[in-house]
Structures are given as structure tokens and as C-alpha cells.
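Working notes for the structure below.
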Amino acid sequence: DAPACWLIDRPHTLTVCRGTVWLTIEGESEDWWLRTGETLELAPRSKVWITASEPNSRFVLASAPVFSPTRRFAFYWLLIRFGQRRTRAM
């Protein structure tokens, strides 16, 4: 298969679930070959080409959620409100 190009917008972790995956990261002189169970941290604002070297290879690309200041405020406000109600009920 042809490599798929990914534009990484925030830190990601690539984990190989099965098989072998070949990665090329723009600006790096060496390619990466990852096998089952291996991981690689991908930096924000990087361009990555990913391809499987075996037909049934699988990988997971995961990132942590990003909270804006408004969302963070709403999240903590809900935690405080929930905590107060729970305390009153006891």
C-alpha cells in the first residue's frame, strides 16, 4: 500500500498493535520501523508518512484531550457543583 500522510496537530503516541509499521517523519534523516507493542511519540506540527510492511498490520494513533480555558473553567465548575451537592446529600 502507498504511505498515508498525517499532519500532527498536537502530541500523539503511535502504538503498533499487530505487524510492522514503517514511518517517515519529515525533516528526520532516518526512518522508523516499529513492531508489535512498540510506540513512538510524535511531536506537534510534524508531517508523518505511515505504511504497513505486512498485510494485516494495525496501529493506534492517540492523543490527550485538549481543553481550552473556557472548557477547563466549565469542567472545574461542574466538579465543584457536583461535589457540593454530594456533600449536602450526606
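Heavy-atom basis, side chains included; hydrogens, waters and symmetry copies ignored. Not measured: the values here are computed from a predicted model.
A 4.5 Å side-chain heavy-atom check between Ser57 and Arg18 finds every atom pair outside the cut-off. Taking the side chain as every heavy atom from C-beta outward, Cys5 and Lys47 approach each other to under 4.5 Å.
Taking all atoms of both residues into account, the shortest heavy-atom contact from His12 to Arg10 is ND1-O, 2.6 Å.
Each of Leu34, Val16, Thr51 was evaluated against Leu23; a single residue qualifies, Leu34, per the side-chain contact (heavy atoms from CB on, under 4.5 Å) test.
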Under 3.5 Å, side-chain donor or acceptor atoms of residues 35-43 against the rest of the protein: list the pairs with distances, not counting sequence neighbours.
residue : atom : partner : partner atom : Å
Thr36   : OG1  : Gly19   : N            : 3.0
Thr36   : OG1  : Gly19   : O            : 3.4
Glu38   : OE1  : Arg35   : N            : 2.6
Glu41   : OE1  : Thr13   : OG1          : 2.9
Glu41   : OE2  : Thr13   : OG1          : 3.1

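Residue pairs meeting the ring-ring contact (aromatic ring centres under 6.0 Å, His included) criterion with at least one partner in residues 25-52, sequence neighbours excluded, are Trp22-Trp33.
For Trp6, the side-chain contact (heavy atoms from CB on, under 4.5 Å) partners are Ala4, Ile8, Ile50, Phe59, Leu61, not counting sequence neighbours. Legend: residues meeting side chain to side chain donor-acceptor pair (under 3.5 Å) with Thr20, ordered by chain and number and at least two apart, are Glu54. In terms of the side chain to side chain donor-acceptor pair (under 3.5 Å) criterion, Ser53 has no residue partners (sequence neighbours excluded).
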